[in-house]
Amino acid sequence: GALDRWIPLLSWNGRYYLVVWTASPEPDKWYLYGKRIGPSGEIFEYADSLIVDGSNKVFPAILWDGAEYLLGWEDEPEGEPKIYGTSIIPLYNLSIGESKRISSEGVKKSSLPAVSGIKDEVLILWQGVDPEGYWQIYGQRLSKLNGNGN
């Protein structure tokens with residue numbers, strides 16, 4: 001297609017894969033797109049589904065937790081990279097939840113999220129620079145991003 005696309009990731013929910021990637025629909029703007037693909041390669045959405053728009057949504061991380069997909073990514077809303085996340089509920093299309101900031105205050109250059117989970121808990125990790133200027137690994141335990149959890 002006409003878009004630059006990179007960093008594809010996928011997660012299986014028992015029925016199909018959700019593939020997410022970063023794409024640039026216009027110069028210097030990176031959005032997150034997705035598409036559901038069946039086990040035999042069938043494509044559920046003809047057009048790419050815009051999942052998260054904005055100027056610098058990059059480095060997606062995705063996980064199926066048994067009820068919904070959990071998506072994390074790096075964003076630069078005020079020029080400083082931070083980690084955000086949302087839930088994606090697979091019904092007849094992709095129902096996207098509210099985006100929430102996950103990375104901590106005081107951590108600079110938060111980037112490269114990774115997600116994993118077991119039962120009702122999800123762990124999201126990312127790298128960032130601490131107040132003393134050292135690169136560290138940070139993480140947060142989540143229950144559900146758009147439920148009653150944090």
Side-chain angles (χ1 to χ4, degrees), residues 3-26 28-37 44-45 47-150:
L3 301 177
D4 286 329
R5 293 177 172 91
W6 60 300
I7 310 178
L9 297 170
L10 59 96
S11 185
W12 173 255
N13 74 356
R15 290 187 48 220
Y16 54 81
Y17 295 97
L18 176 59
V19 181
V20 296
W21 63 90
T22 302
S24 179
E26 52 191 286
D28 299 322
K29 293 200 176 186
W30 296 95
Y31 300 172
L32 297 180
Y33 287 85
K35 189 173 285 205
R36 295 177 299 161
I37 299 176
F44 288 83
E45 292 85 21
D48 298 344
S49 296
L50 178 64
I51 296 177
V52 182
D53 65 357
S55 61
N56 282 317
K57 312 306 192 243
V58 294
F59 303 119
I62 190 161
L63 169 75
W64 172 253
D65 76 353
E68 59 193 11
Y69 290 100
L70 300 174
L71 176 67
W73 67 90
E74 176 186 321
D75 190 0
E76 295 183 15
E78 295 100 28
E80 181 71 36
K82 296 178 181 14
I83 303 301
Y84 285 79
T86 193
S87 296
I88 302 172
I89 301 169
L91 300 170
Y92 299 106
N93 57 16
L94 300 177
S95 176
I96 313 302
E98 177 186 349
S99 298
K100 296 185 179 185
R101 181 173 165 191
I102 297 172
S103 57
S104 309
E105 287 292 333
V107 177
K108 296 183 178 185
K109 300 181 183 178
S110 296
S111 64
L112 300 173
V115 293
S116 186
I118 187 168
K119 296 187 181 181
D120 290 337
E121 291 193 347
V122 173
L123 178 63
I124 183 164
L125 300 175
W126 66 92
Q127 69 181 22
V129 176
D130 69 16
E132 287 81 36
Y134 294 101
W135 284 97
Q136 304 291 339
I137 303 298
Y138 294 89
Q140 186 173 4
R141 289 169 58 180
L142 306 170
S143 49
K144 300 281 184 192
L145 283 172
N146 289 310
N148 293 328
N150 50 11

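Sequence positions, counted from 1, serve as the residue numbers for this chain.
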Subject >> From CA spacing to verdict: side-chain contact (heavy atoms from CB on, under 4.5 Å), Tyr16, Lys35 >> reply: CA-CA 10 Å; Tyr16 54 81; Lys35 189 173 285 205; over 6 Å; no
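- Looking at Asp75 and Lys82, their side chains never come closer than 4.5 Å, going by heavy atoms from C-beta outward.
- Panel note: side chain Glu80, backbone Lys109; a donor-acceptor pair is recorded below 3.5 Å.
- Taking both residues in full, the closest heavy atoms of Trp21 and Trp6 are given as CB-O, 3.7 Å, listed atom of the first, atom of the second, then distance.
- Closest heavy-atom contact between Val107 and Gly128: CG1-CA, 3.8 Å.
- A 4.5 Å side-chain heavy-atom check between Tyr138 and Ser110 finds every atom pair outside the cut-off.
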Subject >> Residue pair Trp64, Leu18: steps toward the side-chain contact (heavy atoms from CB on, under 4.5 Å) verdict >> reply: CA-CA 9 Å; Trp64 172 253; Leu18 176 59; over 6 Å; no
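- In this structure, Leu112 and Ile83 approach most closely via the heavy-atom pair N-CD1, 4.4 Å.
- Rounded to the nearest 0.5 angstrom, Arg101 CZ and Tyr84 OH are separated by 5.5 Å.
- Closest of all the heavy-atom pairs between Tyr17 and Leu10 is CD2-CD1, 3.3 Å.
- In terms of heavy atoms, Ile89 sits closest to Glu68 at CG1-OE1, 3.8 Å.
- Counting all heavy atoms, side chain and backbone alike, Leu63 lies closest to Ser116 at CD2-C, 3.6 Å.
- Here the CG atom belonging to Asp130 is positioned 11.5 Å from the CD1 atom belonging to Ile137, to the nearest 0.5 angstrom.
- Considering only heavy atoms from C-beta on, Trp126 comes within 4.5 Å of Ile102 through its side chain.
- No donor-acceptor distance shorter than 3.5 angstrom exists from the side chain of Thr22 to the backbone of Leu32, with no hydrogens or angles considered.
- In this structure, the separation between OH on Tyr31 and CH2 on Trp73 is 14.0 Å, given to the nearest 0.5 Å.
- Taken from OH in Tyr69 to CZ in Arg36, the straight-line distance is 8.5 Å, to the nearest 0.5 Å.
- Trp135 has its side chain within reach of Val129: a pair of non-hydrogen atoms, C-beta onward, lies under 4.5 Å apart.
- Gln140 contributes atom CD, which lies 9.5 Å from atom CG of Leu123 (distance to the nearest 0.5 angstrom).
- Using modelled atom types, no side-chain atom of Ser87 and backbone atom of Leu70 make a donor-acceptor pair closer than 3.5 Å.
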